[in-house]
Each structure stands twice: as C-alpha cells, then as structure tokens.
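Read through the structure below, which is laid out as structure tokens, and then see the notes.
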Amino acid sequence: IPARRLPALNAPMTLAIWCMLRVNGGDEGLLNLSIGDNDNSAAVRLSAVSSVLVAERSGGFLLVSTGVTLPAFTWFHLGYTWDGTTNTIYLNGVLQGTSTTAHNTNQSAFLSIGGWGSTGPSSLHGALDDARVYTRTLSSKEMEALYVESSLGYPTALHRQILVLG
C-alpha cells in the first residue's frame, strides 16, 4: 500500500481488524503502521499482549487497552481511533477505553499485518481478517456499525480484504 495513502502517525486515523488468537499470552502483532521495520521504529500498533488487546506506540508504550483477556480460538473485532487528542479502543463495537497519550511522530511509511520487526519478535499465532485503515476518525456509532456490518458470516467466512479508506 503506497505510503501516501496511509495516515501520518499523529494524524486522525482509525484501525480495525478481526482477530483470533491461537495461544494465550505472548505478544501477538495484529496491525502496524510504522516508519521502520523494528521494535524501536516510530509506530502505532494493535497487539495482543498476554491475550489483552491493546494499542501501543514504538517501544511498547501503551496508548490504550481493552483491559479484557481474550480466550483462544474465538473471533473478536478490534477497533482503534486517534483524533489528534484522544486514543480510543473498541472491542466488538463497544468502547473499552480512552487515553490522551501523545503519538511520537508525524510520519508514516508502511503497513504490516500479523507482526512486525525484521526478526519477527511479534509474529501472530492466530488468524486475522478484514483489516481496515481509515485516514479519519470514525465515531462511536460508526465503529459499532462497522462491527455489526462486518460480523455477518463470522466466524466461518473469511473475506481476506485490506482496505485503506478516507
């Protein structure tokens, strides 16, 4: 996906993805916007850390967490928004948490799905589907509608799509 279509890391954005973890614990990379390919690169990441879905920036600094420990082999929809001031995280269309932790750069270079880092320290043990990146902040109602709309047919049907939307 061309970098010019991805949001800068401090610009309004929405990230959304379906995920199913196959193991409990560990650091599972789900969706990553970054300017480099290692753990120290500036980034906004959706991860499962010890089976809790979180959004973090480079170096493992927590932006916001669902606070919910997920069971293995169950599909979940994870959504994250940043409006320039507030980080917001959603689980299955329901708001789970917010924070005002700042992002650390105005750049964006590439998107990776299912892990990050050239050595693969955060590789996913599970399945992902319907990854979406928006260059705007979706509202709570839009996040709920996105979950409902994309949940039709889950968990048996995989759509395998990646969308970058304005």
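- A donor-acceptor pair under 3.5 Å links the side-chain atoms of Thr137 to the main chain of Trp82, judged by distance alone.
- Annotation: side chain of Pro7 is in contact with side chain of Thr135 (closest heavy-atom distance under 4.5 Å).
- Using a 4.5 Å heavy-atom cutoff, the side chains of Met143 and Leu95 are not in contact.
- In terms of the side-chain hydrogen bond (donor to acceptor under 3.5 Å, both in side chains) criterion, Thr86 has no residue partners (sequence neighbours excluded).
- Qualifying side-chain hydrogen bond (donor to acceptor under 3.5 Å, both in side chains) partners for Tyr90, counting only residues two or more places apart in sequence or in other chains: Ser140.
- Annotation for Arg22 and Ala127: closest pair NH2-CB, 4.0 Å, computed over non-hydrogen atoms.
- Across all their heavy atoms, Leu63 and Ala102 have their closest contact at CD2-O, 4.2 Å.
- Listed by chain and number, the residues in a side-chain hydrogen bond (donor to acceptor under 3.5 Å, both in side chains) with Ser139 are Glu142 (sequence neighbours excluded).
- In this structure, Tyr147 and Trp18 have side chains that are in contact, with non-hydrogen atoms separated by less than 4.5 Å.
- Shortest non-hydrogen contact noted between Tyr80 and Ala55 is CD1-CB, 3.5 Å.
- In terms of modelled atom types and a separation under 3.5 Å, the side chain of Asn87 and the main chain of Thr98 share no donor-acceptor contact.
- Residues that satisfy the side chain to side chain contact (heavy atoms under 4.5 Å, CB included) test with Gln96, not counting sequence neighbours, are Thr66, Val68, Ile89, Leu91, Val94.
- Summarising the geometry, atom CG belonging to Leu146 is positioned 4.5 Å from atom OH belonging to Tyr134; distances are rounded to the nearest 0.5 Å.
- Met20 contributes atom CE, which lies 10.0 Å from atom CG of Asp129 (distance to the nearest 0.5 angstrom).
- Ile17 CD1 to His77 NE2: the interatomic distance, rounded to the nearest 0.5 Å, is 9.0 Å.
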